[in-house]
Amino acid sequence: MKTAVCMKYVPVIARMRFDYEARTIIREGVPSEVNPFDVLGLVRAVELKAAPDDEVVVLTMGPPGAAEGLTECLALGADRGVLVTDRVLAGSDTLATSRALALALGREQPDLIICGRNSTDGETGQVGPEVAELMGLPHVSHVRRLDLSEDRRTAIVERITDEGFQTLECDLPAVICVTEGVAPELFPNRQQMEEAANKPVDEVSCAQLSDDTSQFGAQGSPTWVNEIRLVEPNRLGVTLQEVTPEDAARQIADSVKERLAELNAADPAASSPEALPRYPGVADRSTWVVAENSQDGLAYVTLEMLGKARELTTVTRSEVVAVVIASGGEAHAPALAAAGADRVLLLDNSSLGPVASRAVGNALAAAVERETPYAILFASTADGRDLASRLAARLSLGLTGDAIDLEIDDEGSLVQLKPALGGNVVAPILSKTLPNLVTLRPGLLTPAAVEPGAEAVVERLSAEPFDGSDVRLIGEQYQEDTEGRDLARARVVIGLGMGVAEENVAALVETARSLGASVATTRDVVHAGWLPQQLQVGISGRTIAPTVYIAVGIRGAFNHTVGLQRAGIIVAINQNRRATIFRSSDFGVVGTWQEFLPPLIEELRPVLAELIS
């Protein structure tokens, strides 16, 4: 059995620096590392070797220096490396990258392809699903457990969703995109690195992949990046030391009240959106919203996306179309109409398979080709990311993943604002193709004003014939409570870090509930098994925008704080005066949470109650 692992050699984001006056990224002296999610995939691939002739091939695309990353992977147990390197590849977006990788993987003919969930420098999970679509293979992403059947012809996986997890299977060959939990994160020692120097590494050029090199690099990329926008620090950075818990509580509570008044004065309309004009029946340059479903009906992010779509139509002057992929989707039509949809397209997937299946993607692609809308908005969720990626690869369209906002420029182009490099910059991305495809991070946008009694035309999409290899849903489990589902729209959130200790987590969760607040956490806490991954905030978790975020015992690594950039006020408690969380906070106190949190909660309780009510 041959397993191919796709790897990216990325800069260490925590070491990146920025010159805010010159508006430039300082790259000099910044080391690189194997993308951490790819390390997990590689370790699991090596663990799955069962026969002497089983082979693990690690493949990367990049400049010659990326060979250093291959050496690390070989030291961790890969048998052979492949470096796709060529000046032609410069400027490749995710689709052009996926084309090169798919062709290189096609040369290898692996039984299993493993990719990391995303790369830390681009924060996108598009490449794996796009490679799968280009190769005509099924895929599963967000995989926390990966096993093979006894005959080693079928992959059996657990896939994390926003509400729990799914158990799925698919016949090999297939593409599996893994995340935390699938394997331990290992690092090679000196002896392993020395032994890796004797393992083979093949270099492959674009000419060896295809006679048509125009499909690679900037020329073959349907998206391009305009001048980046640096995100300048905007936190107040007030930190209290050597004060009593009672004094700290009073000072911070008074400061929070003042800051809330300032934020409300700066954006008084944020809490009361106005009804925007509608253009029903105007299909030219329409904006589609692929609705996200939850146990409780429509997910809140669907309302957020409809609000942004309505805002876009003030420029495009066209209709807003909601696409519902579910059995019994017609029940959502009234709510979608009230939230901004002029037309609702229903796709019953009960006979097609999961939302991210090839069959569903095939049906959606056929509908898009018939109408060619101006833009299609997906949620940056497990299903939304996967479906958007497969659609982009199938129709050769540009796709921006994990955008935080959208604009329309003077030329009528959709500007998709995407955070990059740990959230320290925002990249304005534009597409050369239509429709524009974009996934939007939940919890950051404002729903449109609800219009009770609004009506939408309801149409059904037919399931296109499909008999290829596909994923099969075996079972699905949901979180017992609703905290993960509520987190995206929570006004007050208490974040728990490793500094609270496992035995205190339950009591702190109850404290949050007593306030009516939601709970969030960090990657390390999830790894330790203290809280579920659906509550993780950061680069491999959620982005949230609460009005008040209280960080308790959180170190403040960028992996976490990148998910908090749209938070209104951040308050931190940490006994380490050098904790980086204080640089990302408005107000902080140096001390133990056991001493400082209870009086702070009591002082803030009436303020927070007004926010939550």
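At distances below 3.5 Å, at least one donor-acceptor pair connects side-chain atoms of Gln534 with backbone N or O atoms of Gly164. For the pair Asp247 (side chain) and Val243 (backbone), a donor-acceptor distance under 3.5 Å is absent. Formation of a donor-acceptor pair under 3.5 Å by the Thr592 side chain with backbone atoms of Gln575 is not found in this model. A donor-acceptor pair under 3.5 Å is absent between the side-chain atoms of Glu455 and the main chain of Ala337, judged by distance alone. Between the side chain of Arg583 and the main chain of Gly556, no donor-acceptor pair closer than 3.5 Å is present. Arg310 places no side-chain N or O within donor-acceptor distance of the main-chain N or O of Ala448, the cut-off being under 3.5 Å. Thr521 places a side-chain N or O within donor-acceptor distance of the main-chain N or O of Leu496, the cut-off being under 3.5 Å. A donor-acceptor pair under 3.5 Å links the side-chain atoms of His560 to the main chain of Val537, judged by distance alone. Judged purely by atom type and a 3.5 angstrom limit, Thr313 has no side-chain atom pairing as donor or acceptor with the backbone of Glu319.
The minimum heavy-atom distance between Pro447 and Tyr300, with the atom names listed, is CG-OH, 3.3 Å. The minimum heavy-atom distance linking Val500 with Trp593 is given by the pair CA-NE1, 3.5 Å. Asn118 approaches Gly125 most closely through the heavy-atom pair CB-N, 3.9 Å. In plain terms, the two heavy atoms of Leu303 and Ala339 that are nearest each other are CD2-CB, 3.7 Å. The two atoms that bring Ser318 and Thr287 nearest to each other are OG-N, 4.4 Å, heavy atoms only. Across all their heavy atoms, Leu445 and Ile404 have their closest contact at CD2-O, 3.7 Å.
Summarising the geometry, atom CZ belonging to Arg235 is positioned 8.0 Å from atom OG belonging to Ser585; distances are rounded to the nearest 0.5 Å. In this structure, Tyr549 OH and Leu564 CG are separated by 5.0 Å, a value rounded to the nearest 0.5 Å. The distance from the OG atom of Ser389 to the CG atom of Leu397 is 12.0 Å, given to the nearest 0.5 Å. Separating the OG1 atom in Thr302 from the CD atom in Glu292 is a distance of 6.0 Å, to the nearest 0.5 Å. To the nearest 0.5 angstrom, Glu180 atom CD is 5.5 Å from Gln533 atom CD.
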Does Asn293 form a side chain to side chain contact (heavy atoms under 4.5 Å, CB included) with Val355? I'd like the steps, not just the answer. CA-CA 10 Å; Asn293 304 306; Val355 171; 5.9 Å; no
With side-chain hydrogen bond (donor to acceptor under 3.5 Å, both in side chains) as the test, would you mind laying out the steps for Ser380 and Arg441 before giving the verdict? CA-CA 5 Å; Ser380 288; Arg441 282 233 170 192; 5.3 Å; no
Under the side chain to side chain contact (heavy atoms under 4.5 Å, CB included) criterion, do Asn436 and Leu434 qualify, and how do the steps go? CA-CA 5 Å; Asn436 295 279; Leu434 287 179; 3.4 Å; yes
Where do Leu440 and Val301 land on the side chain to side chain contact (heavy atoms under 4.5 Å, CB included) test, with the steps shown first? CA-CA 9 Å; Leu440 290 160; Val301 67; 5.8 Å; no
Could you walk me through whether Val415 and Asn226 pass the side chain to side chain contact (heavy atoms under 4.5 Å, CB included) test, one step at a time? CA-CA 9 Å; Val415 181; Asn226 208 338; over 6 Å; no
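Salt-bridge check for Asp386 with Arg159: passed, with a basic side-chain N closer than 4.0 Å to an acidic carboxylate O. Taking 4.0 Å as the cut-off between side-chain N and carboxylate O, Arg343 and Glu371 count as a salt-bridged pair.
With a 4.5 Å cut-off on side-chain heavy atoms, Ile252 and Glu603 do not count as touching. Side-chain contact between Leu508 and Leu597 is present, with heavy atoms from C-beta onward closer than 4.5 Å. Side-chain atoms of Val492 and Pro546, non-hydrogen and from C-beta on, never get closer than 4.5 Å to each other. Contact check for Glu407 versus Leu417: side-chain heavy atoms found under the 4.5 Å cut-off. Val590 places a side-chain heavy atom less than 4.5 Å from the side chain of Thr239. You'll find the side chain of Ile408 reaches within 4.5 Å of the side chain of Thr316, heavy atoms only. Between Asp93 and Trp224, the closest side-chain pair of non-hydrogen atoms is not below 4.5 Å. Looking at Ile581 and Thr561, their side chains come closer than 4.5 Å, going by heavy atoms from C-beta outward.
For Arg555, the CZ atom counts as loosely surrounded, since its 6.0 Å shell holds 12 or fewer non-hydrogen atoms of other residues, nucleotides or ligands. Within a 6.0 Å radius of CD in Glu503, more than 12 heavy atoms belonging to other residues, nucleotides or ligands are found. At most 12 heavy atoms of other shown residues, nucleotides or ligands fall within 6.0 angstrom of atom CG in Asp284.
Arg491 and Thr547 form a side-chain donor-acceptor contact under 3.5 Å, judged by distance and modelled atom types alone. For the residue pair Arg577 and Gln241, a side-chain donor N or O sits within less than 3.5 Å of a side-chain acceptor on the partner.
Leu236 is linked by a side-chain contact (heavy atoms from CB on, under 4.5 Å) to Val238, Arg259, Asp586, Phe587, counting only residues two or more places apart in sequence or in another chain. In this view, Ala512 and Ile494, Ala517, Val519 satisfy the side-chain contact (heavy atoms from CB on, under 4.5 Å) rule, not counting sequence neighbours.
Residue Asp402 forms a side-chain hydrogen bond (donor to acceptor under 3.5 Å, both in side chains) with just one option from Arg385, Gln126, Lys418, Gln416, and that option is Arg385.
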